[in-house]
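Mind having a look at this structure? Questions to follow.
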Amino acid sequence: MTKLDKPLRREVQIGDKAYTLTIDPDGLKLVEKGHRKGVEVSWSSIAGGEHQDAQGAMG
């Protein structure tokens with residue numbers, strides 16, 4: 001298995017909008033392309049079942 005030691009970025013199409021998904025050692029971040037703010041979820045919140053408390057907001 002390859003260790004995740006640097007950010008991995010991929011483009012995701014959701015409906016008619018393009019987003020950038022970044023997976024890094026801290027967690028996940030989904031941001032609409034051309035924007036700075038997005039949704040961030042830490043690995044500890046996912047593993048602990050607290051993903052409803054994700055930080056950030058789209059827009």
Side-chain angles (χ1 to χ4, degrees):
M1 184 85 44
T2 303
K3 186 172 182 170
L4 183 62
D5 58 359
K6 59 184 178 181
L8 175 66
R9 291 182 177 83
R10 294 292 184 262
E11 183 175 316
V12 179
Q13 191 75 25
I14 303 174
D16 62 347
K17 295 184 180 182
Y19 293 84
T20 300
L21 174 65
T22 304
I23 303 171
D24 65 25
D26 297 324
L28 307 170
K29 185 173 184 179
L30 184 67
V31 180
E32 187 177 349
K33 285 194 82 165
H35 293 80
R36 293 184 182 198
K37 293 184 179 180
V39 177
E40 294 183 40
V41 182
S42 70
W43 293 122
S44 60
S45 70
I46 292 171
E50 300 172 16
H51 58 275
Q52 298 91 335
D53 297 330
Q55 296 178 18
M58 299 303 288

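Excluded from the calculations below are hydrogen atoms, water molecules and symmetry mates; all remaining heavy atoms, backbone and side chain alike, are included. Remember, predicted model here, so these are calculated numbers, not experimental data.
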Study note, to complete from the structure: Tightest non-hydrogen contact, residues Arg36 and Lys29, listed as O-NZ, 4.0 Å
Check your understanding: Under 4.5 Å between any side-chain heavy atoms of Gln13 and Glu11, yes or no?
Key ->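 Gln13 reaches Glu11 side chain to side chain.
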Exercise for review: Quick one: closest heavy-atom pair of Leu4 and Lys6, and the distance?
Suggested key: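 Between these two residues, the closest heavy atoms are CD1-O, 3.5 Å.
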Point to revise | For the student: nearest non-hydrogen atoms of Asp24 and Trp43, plus distance | key: O-NE1, 2.8 Å
Review point. How many angstroms lie between CZ in Arg10 and OG1 in Thr22, if you round to the nearest 0.5 Å?
Key: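 Interatomic distance, Arg10 CZ to Thr22 OG1, rounded to 0.5 Å: 10.5 Å.
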Point to revise | Distance-minimising heavy-atom pair for Gly38 and Val31 | key: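 Result for this residue pair: CA-CG2, 4.0 Å.
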Study note, to complete from the structure: Heavy-atom closest pair (Thr20 atom, Lys33 atom, distance to 0.1 Å) is OG1-CG, 3.6 Å
Practice item. From the options Leu8, Leu30, Ile14, select the one residue that forms a side chain to side chain contact (heavy atoms under 4.5 Å, CB included) with Leu21. Key: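 With Leu21 as partner, side chain to side chain contact (heavy atoms under 4.5 Å, CB included) holds for just one option, Leu30.
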